[in-house]
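Let me begin by presenting the structure, written as C-alpha cells, before commenting on it.
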There are 2 protein chains.
Amino acid sequence: MTRPTSPPVPDAELLRLDHQVCFSLHAASRAFGSVYRDALKDLGLTYPQYLVMLVLWEHGPQPVKTIGEQLRLDSGTLSPLLKRLETAGLVRRERSAEDERSVTIHLTDAGEELRERALPVPRRMLAATGLTVDELRTLRGLLGRVTSALDDA
Amino acid sequence: MTRPTSPPVPDAELLRLDHQVCFSLHAASRAFGSVYRDALKDLGLTYPQYLVMLVLWEHGPQPVKTIGEQLRLDSGTLSPLLKRLETAGLVRRERSAEDERSVTIHLTDAGEELRERALPVPRRMLAATGLTVDELRTLRGLLGRVTSALDDA
DNA sequence: GACGATTGTGTTGTGTGCAACTTAGTTGCG
DNA sequence: CGCAACTAAGTTGCACACAACACAATCGTC
C-alpha cells in the first residue's frame, strides 16, 4: 500500500485521467484487432472468429450459449458469425437431441486441422505487445477488475 | 528492473496469458462501451460520438483529419459519424477557405450547451471502474505502451 | 395434462471500424 | 504552364456488437 494519494488529486486531473484511460482502452483494443487481422489473414479468420475457434479447440463441441458466456457475446453477434464459420466449412451445427432449442457447435475436420496453422499466432502477438510477462499479468489483472466492476454497475 | 523472470515461463503459459490479455482487453473495451451507453443515453450520444464531442469541446473547431488523428479513426468511420452528429444538430460542417479539400467541424450552440449536461459523465465512469487513481495511471501507461508497440508492428 | 413463464436461438435495425476505392483540390517538378 | 503525385473527405462493402423483438421448446405449477 502506498500513501493514500496525498494531494487529493484535483477534479480536472481526474476527468482528464478518465478520458485518457477510455481513449487508451479503445485505441489499444483496436490496435490489437489490427495486428490480429494481419496475423489471421492467412487463416481466413477475423479476430472474433478466432476467439470462437479458440474456445472450440480448447473445450470441444458445445452449445452457442456456453460459447457466448465465455466470450461475453450474445446470439445477435454469434449467430451470423457462426453461420460464416459454417459457410467456410470450419464448424457444423447440430440440434441437440435432449433439448431441441439448443444447437451444438462441432468442429469439422478442416476446423480441427486449422489449429495447427494457428499455433504460431499467439507468440507473434505476444512479441508485438512489447511487454514483459510480469507487465502482461498486471495488465490482465487490472483489466479483469475493471470489467468486473463495470459489469456490476 | 526485476529479475529476468527466472523460471523461463513455459510456452503453454505464455500462450494462455496472451489469450487472457486479449480476451480481457476485448471484454473490458466492450464493458466500458456498455456503461457509457447507459451514461450517455440521456444525451443521445453513442460512445464514439461522445469521444468526438470531447475533442471538439476541448480543442474547438478543427478539420476531420485532426479529429481522426486524436481518436485514431479514419474518414470511413468519421464521415458517417459526423453526418449523424450534424443531423442531430450538434455540429456544423464548413469547407475551409484556404484548402477546399478540408472540412472544418464546428460545434453548434446546441453542441456547446450539451457540454454542461455531459460534465457528470466522467466522474460516474471513474467510479464505475472501481480502480484507484494510481491503478488508473498504471493501466493508462501499460495500454499506451501496448498500443505504440502494436502500431509499430 | 394445461398453461403461463422461462430459455436458447435466430432476425432486424442501428452504429461503429476498417479496407478499398472515388472525387476533388493541392503541390511539386520538369 | 502542364502533369503526375499526393492529400482530404466521402462512399461502398463487409464484419462485428448490441438492443429489441420473434419463435419454438422446455419447465413449473396447478
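Model, not experiment: these values are computed from the prediction. Here is how names work: the chains are called A, B, and so on, in the same order as the sequence lines, proteins then strands, and each is numbered from 1.
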Q) Hey, does the side chain of S102(A) come within less than 4.0 Å of dT9(C)'s phosphate (OP1/OP2), counting only N and O? A) yes

Q.
If I take atom CD1 in residue I67(A) and atom C1' in nucleotide dT9(C), what distance separates them, rounded to the nearest angstrom?
A. 12 Å

Q: Mind calculating the distance between CG (L85(A)) and C1' (dC14(D)) to the nearest angstrom?
A: 15 Å

(Q) Between Q62(B) and Q70(B), do the side chains contain a donor N or O and an acceptor N or O under 3.5 Å apart? (A) yes

Q) Are the side chain of R92(A) and the backbone N or O of H106(A) linked by a donor-acceptor pair below 3.5 Å? A) no

Q.
Below the 4.0 Å mark, does dA15(D) have OP1 or OP2 next to a side-chain nitrogen or oxygen of K83(A)?
A. no

Q | Given DNA chain C, 5'-ward residue of the pair H26(A) and T66(A), judged by closest heavy atom | A | T66(A)

Q | Sequence-aligned protein contact record of nucleotides 18-29 of chain D, with B where the base is within under 4.0 Å of a protein heavy atom and S where only the sugar-phosphate is | A | BB-----BS---

Q: Kindly state which residues belonging to residues 40-49 of chain A come within less than 4.0 angstrom of DNA chain C, counting heavy atoms of the residue only, listed by number.
A: none

Q) Could you give the CD-to-C1' distance, from E69(A) to dT7(C), as a whole number of Å? A) 12 Å

Q | Protein-nucleotide distance (Q62(A), atom CD; dT9(C), atom C1'), rounded to Å | A | 15 Å

Q. Which whole-number value in Å describes the distance from K65(A) NZ to dT7(C) P?
A. 8 Å

Q.
Distance check needed: dG10(C) P versus L81(A) CG, whole Å only.
A. 12 Å

Q. Donor-acceptor pair, D109(A) side chain versus E112(A) backbone, under 3.5 Å?
A. no

Q. How is L78(B) classified with respect to the nucleic acid when contacts are heavy atoms under 4.0 Å: base, sugar-phosphate, or nothing?
A. nothing

Q. Quick one: does T66(B)'s side chain have a donor or acceptor within less than 3.5 Å of a partner on P63(B)'s backbone?
A. yes

Q.
Please determine whether side-chain contact (heavy atoms from CB on, under 4.5 Å) holds for the pair L45(A) and L90(A), giving the CA-CA distance in whole Å, both sets of side-chain angles, and the decisive distance to 0.1 Å.
A. CA-CA 10 Å; L45(A) 292 176; L90(A) 298 175; 3.7 Å; yes

Q. Counting distance only, does the side-chain N/O of S96(A) pair as donor-acceptor with the main-chain N or O of V103(A) below 3.5 Å?
A. no

**Q.** Donor-acceptor pair, side chain of S148(B) and main chain of G144(B), under 3.5 angstrom
**A.** yes

Q) Less than 4.5 Å apart, any side-chain heavy atom of L82(A) and any of L85(A)? A) yes

Q | Nearest-0.5 Å distance, OH of residue Y36(B) to CD of residue Q49(B) | A | 14.5 Å

Q | L82(A) CG - dT11(C) C1' separation (whole Å) | A | 15 Å

Q: Find the distance R84(A):CZ to dA17(D):C1' and express it as a whole number of Å.
A: 11 Å

Q. Nearest to the side chain of S79(A), which nucleotide is it out of dT9(C), dG10(D), dA8(D)?
A. dT9(C)

